[in-house]
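Below: the structure, in C-alpha cells.
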Amino acid sequence: MSGADSLLASELLCDLNDPQAEAVTHANGPLLVLAGPGSGKTRVITRRVGHLIRVVGAAPWNVLAITFTNKAAGEMKSRIANLISERQARAITVSTFHSLCARLLRIYADRLGLPVGYSIYDTADQQRVIKRSLEELEINAKNFPPAGVLASISNAKNELIDAKAYTTNVSDFYGRTVARVYTKYTEILERNRAMDFDDLLLNTVQLLRQHPAVLSELQDRYRYVLIDEYQDTNHAQFLIASALAARHKNLCATGDPDQSIYGWRGANIGNILEFESHYPGAKVVRLEQNYRSTQRILGVADAMIQNNRARKHKTLWTDNLEGEPVRVLTCRDEQHESRCISKSLQRLHDDKQIPWGSMAVFYRINSLSRVIEDELRGAGVPHQIARGTAFYDRKEIKDAVAYLRAIVNPVDEVNLLRIINTPTRGISERSVKAIQAHSLAHQTAVDELIRNPLLVSSLNNRAQNSIARFGKSLDQWQRRLEESGLTLRGFIESVLRESSLEEMCRNDKSDPDQERLANLGELVSSAQQFEQEYVFEIQLGDEDHTPSLNELLLAMLERISLVSDVDAVDPDQGAVTLMTLHAAKGLEFDAVAIIGVEDGLLPHQRAREDEHELEEERRLCFVGITRAMRYLILSHARYRLVFGQSMPTIPSRFLKELPENLIEFNKPDSIDAHGGEVRNDGRGERALAGKLAGEFPPGSIVRHPDFGLGRVLHVAPMGAHTRARITFNTAGTKTLILQYARLAKVEEFTEDGF
DNA sequence: AGGTTCGAGTTTTTT
DNA sequence: ACTCGAACCT
C-alpha cells in the first residue's frame with residue numbers, strides 16, 4: 001500500500017464504526033453483512049467498492065454491484081463516483097438483476113440462438129398471452145382466471161421448473177390444465193421471440209450453465225460481486241450470483257431478513273439465512289446501530305418485529321435522540337384520514353420546517369393513493385406518486401412503444417396486432433382474426449402475412465390493400481433503422497409522424513388540452529436524453545465504439561421495459577412522496593405516515609390466515625416504520641369504502657403490538673370539527689355530538705353521498721354519537737350516525753328545486 | 001367501421 | 001366506484 005493510498009484508506013474508514021469498517025476492509029472471500037434498518041448499509045457498500053479499487057487494487061470493471069431498482073443503481077454509482085473518479089465509477093457495473101440479465105442475453109444472444117431484438121413482456125403482455133393460450137386450447141377463462149394461472153407459471157419458473165418438468169410433476173386437474181397452458185404459453189413466447197421477466201433470469205441461468213466459456217469470461221470479469229437486498233433474491237438470482245462468484249468467491253451479500261417482503265414473488269429468505277452453509281468460512285458482519293431514526297421510532301419497530309417467531313434475534317439500538325412519540329390516528333373514514341394526514345404534514349412543514357421532499361405517505365395497496373392524492377391536491381400540498389410505469393401505461397405511449405417494438409422485432413404479434421389498426425387504417429377486427437386464423441392454420445408468421453396479404457384468400461381486396469400498405473411502412477422503418485444516419489430522436493419522430501399516431505392524437509376531440517400529443521413529445525425528448533446518456537456511458541468504456549441506431553433503440557426499449565415504480569421518484573422535486581410499502585424499501589424520510597393500518601389491509605386480507613404470510617406483512621410494516629427518521633404517524637379509519645360501500649373496519653393487530661409508552665393516540669390539539677381528528681376523551685366527543693345535532697335540526701335538508709337528498713325527521717345525541725332519522729327521496733327512511741354519515745347541509749330553495 | 005352503452009368483476013404487493 | 005370487455009347502435 002503506497003503512502004497516498006493508506007491516507008485514502010483511513011479516509012474511507014474514518015467515520016465508520018467497527019463492524020462497518022470490518023465489512024469495508026474484508027477484501028477476499030465470501031462476506032455477509034446483516035444490516036438492520038438505517039445501519040449505514042449503503043455507506044458500507046459504496047466505501048467497500050472504493051476500498052476495493054483504491055486500496056486492494058481491483059480494476060473498476062472487475063466490480064459488479066447488484067441493486068434492487070435502477071434508481072438505486074444510479075444513486076450508488078454517483079455515490080461511488082464521489083470516492084473514486086467519475087470515470088472509474090462509470091466502468092463499474094451497477095445494475096439490477098433483470099437489467100444485467102437483459103444485457104447479457106443481448107451480448108451472448110448468438111450463442112443461445114436467441115434473437116438480439118427479443119421483446120420483453122410486462123405483466124399486461126403476459127396476461128394477453130395467457131388469454132390467447134386459453135383461447136387456443138379452448139379452456140374457459142372463467143374457470144381458470146388468467147392472473148392465477150400466470151402466478152402458478154411464474155412460481156414454477158422461479159423454481160426453474162420448465163413446462164415439460166411441470167407437466168410430469170402435476171397430478172390434479174388444475175395442475176394438469178396449468179401445465180397445458182404453460183406449454184402453450186412458452187410456445188407463444190418463443191414464436192414471438194419474447195421473454196417475460198422470469199425468462200430474463202432463467203435464460204441467463206441457462207447461458208451460464210450451458211456455456212462454460214461464457215461463464216468463465218464473466219467470472220474473470222466480475223471478480224468482485226456485491227448484492228444488495230439479498231433477502232429478496234429468488235432461486236434463479238441465487239444461482240446466477242453463485243455461478244458468477246464461484247471462481248473467486250468474492251461474493252458480498254448485504255441485507256436484512258426482517259425486511260424480506262417479496263416472498264410472494266418467489267424471493268427465498270433462505271438465501272440469506274443459509275448464506276454461511278452455502279459459503280463455508282464466510283465472514284459475517286452485523287450492523288445493529290441505527291443512525292436513522294429516533295429512539296421512539298426504532299423502539300416501536302423493534303417491539304413489533306419481535307412478534308415474528310420465524311426470526312433470528314437482532315439487537316437494534318441507536319444513540320439518536322428520543323424524539324417525538326409515534327402518533328396513532330383513529331379517523332372516521334378515509335376522507336377524514338386523508339385530511340388529518342394532510343393537516344399533520346402541513347403542520348410539520350410550517351412549524352417544524354420539514355421540507356415537503358422529506359415526507360412520505362405509505363399504503364399497502366395502490367388504490368389507497370387516490371383519496372390522499374385528492375386531498376393533497378386540494379390543499380395545495382406538492383406531492384408525487386411513485387408509479388414508474390404510469391407514463392408508459394398511457395395508451396398513446398403504449399401504442400408508440402408498440403410501433404418501436406414491432407420494428408425491432410417484427411415476429412412479435414402482440415405488438416403488431418396492437419398497432420395494425422391504430423390509428424385506424426381500414427383493417428377490421430374480422431380481417432385481423434382472419435390473419436390470425438390463417439397464421440395458425442398454415443404455420444406462417446403474422447408479420448409475413450402482413451407483408452404479403454394476398455396469401456390470405458379470405459380477405460377482401462380492400463383489406464388486402466390496407467394491410468399491404470401497413471406492411472410497406474414497417475419495411476421502410478426497418479430499413480431506415482439499419483442504414484440511416486438519423487438520431488434516435490429523429491427516428492422516433494419519423495415513425496410517429498408516418499404512422500399518423502401523432503395526427504391521431506392531434507385530432508383527438510376527447511382530449512382538448514392535447515395532453516396525448518404532449519406525451520408523445522415527452523417520449524421523443526426522453527429518447528433524446530437517453531441517447532445522450534447512453535453514448536456518454538458507452539464511450540467512457542470504449543472510446544471507439546459509437547452505438548448504432550439499432551443498438552440505441554434496443555437499449556431504450558429495454559430500459560422502458562424494466563422501469564420500476566420508485567424510478568419515477570425525484571427527491572429534488574420538493575414534493576411529498578406517495579408510494580406502496582413495497583416501493584419504500586431502501587428509502588428514508590424525515591416524516592412518514594402509514595395510512596390504512598387496519599386488519600384486512602395491513603395485514604392484507606389474503607395474508608391473514610397463513611402464519612408465514614402474516615409475518616411477511618409484519619415485516620412490511622416494519623420496513624415502513626423504519627423509513628422514518630423523526631416523525632411517524634400510523635392512521636386507520638373506522639369506516640372505509642370498499643367497492644363503493646362504506647364498511648366498518650378493525651384496527652390492525654399490529655397496532656396492539658406497539659409499546660404504549662412510545663406512542664400517542666389522537667394527539668389532542670385537534671384541528672376542527674369537520675377537518676379535525678377525532679378526540680378520544682369522552683367529553684370532547686359528547687360535546688361534538690351535541691354540536692352536530694344542532695347543525696342538522698329536524699326538518700333540515702341534507703345530501704348523502706349514496707342516498708342523495710333527504711329531510712331530517714329526528715335527531716338526538718347518544719353518548720359519543722348523534723343519531724338522526726332521515727327520509728330520503730329515493731332511498732327511504734334511514735337512521736344514520738352523523739359522525740360517520742358524511743352528510744352535507746343543503747339550503748332550501750336551491751337550484752335542486754327541493 | 002367505429003363508437004357507445006351496459007354489465008361484470010374488481011383490490012395485494014412488482015421486476 | 002371504477003375499469004374493462006362485449007353486445008349494440010349509427
Side-chain angles (χ1 to χ4, degrees), chain A residues 66-73 95-102 120-128 131 141-142 145-148 150-151 154 157-158 195-202 229 232-234 236-237 260-267 334 362-371 374 386-389 393 395 421-432 462-463 466 508-510 558-567 579-585 596 600-608 613 616-617 619-621 623-624 640-647 705-706:
Chain A
I66 301 285
T67 58
F68 203 68
T69 63
N70 289 307
K71 179 159 170 279
S95 144
T96 65
F97 265 112
H98 286 91
S99 297
L100 175 75
C101 290
I120 300 175
Y121 280 3
D122 63 16
T123 314
D125 297 327
Q126 288 179 283
Q127 298 244 12
R128 290 171 91 147
K131 281 183 191 157
K142 286 250 158 54
L150 183 56
S154 182
K157 285 192 173 190
N158 284 327
M195 290 187 210
D196 60 23
F197 291 128
D198 302 322
D199 288 332
L200 293 174
L201 304 175
L202 291 191
E229 308 287 7
D232 283 322
T233 50
N234 66 21
Q237 291 167 333
S260 159
I261 54 175
Y262 283 97
W264 53 273
R265 75 172 203 209
E334 66 269 277
F362 302 152
Y363 32 81
R364 176 65 232 270
I365 58 175
N366 277 305
S367 61
L368 291 193
S369 67
R370 174 161 264 137
V371 207
D374 287 348
R387 268 231 143 262
T389 52
D393 280 343
K395 187 185 169 296
N421 200 33
T422 307
T424 51
R425 48 171 72 85
I427 302 170
S428 72
E429 189 73 36
R430 257 189 52 221
S431 310
V432 174
R462 236 170 60 124
S466 305
D508 186 347
K509 282 193 281 298
S510 67
E558 179 186 304
R559 164 98 68 109
I560 290 174
S561 297
L562 298 176
V563 282
S564 69
D565 278 352
V566 267
D567 292 344
M579 62 170 95
T580 63
L581 285 160
H582 282 91
K585 187 168 73 164
L601 230 38
L602 182 65
H604 191 268
Q605 191 88 33
R606 308 263 265 259
R608 284 200 289 196
E613 289 181 41
E616 182 155 308
E617 296 289 306
R619 291 195 292 268
L620 191 54
C621 190
V623 167
R640 190 173 292 280
L641 284 180
V642 181
F643 299 138
Q645 270 213 312
S646 183
M647 303 288 277
D706 296 328

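Chain letters run A, B, ... following the sequence lines, proteins first, then strands; residues in each count from 1.
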Point to revise | Atom P, compared across dC4(C) and dT13(B): separation rounded to whole Å | key: 15 Å

Practice item. Name the orientation class of the two ring planes belonging to His98(A) and Phe197(A) (parallel below 30°, tilted from 30 to 60°, perpendicular beyond 60°). Key: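 The arrangement is perpendicular - the two ring planes meet at more than 60°.
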
Exercise for review: Indicate yes or no: does Glu613(A) engage Arg606(A) in a salt bridge with an N to O separation below 4.0 Å.
Suggested key: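 Salt bridge between Glu613(A) and Arg606(A), a charged N being under 4.0 Å from a carboxylate O: no.
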
Review point. How about Arg425(A): does its CZ atom have over 12 heavy atoms from other parts shown lying under 6.0 Å from it?
Key: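 Enclosed.
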
Point to revise | Partner set under ring-ring contact (aromatic ring centres under 6.0 Å, His included) for Tyr363(A), not counting sequence neighbours | key: none

Review point. When we call it a touch if two heavy atoms are under 4.0 Å apart, what does Asp122(A) touch: a base, just sugar-phosphate, or nothing?
Key: nothing

Revision key, fill the gap. For nucleotides 9-15 of chain B, 5' to 3', base contacts (B), sugar-phosphate-only contacts (S) and non-contacts (-) with protein non-hydrogen atoms under 4.0 Å give SBBBBBB

Exercise for review: Find out whether Asn421(A) and Val432(A) are in side-chain contact, i.e. whether some heavy atom of one side chain is under 4.5 Å from a heavy atom of the other.
Suggested key: no

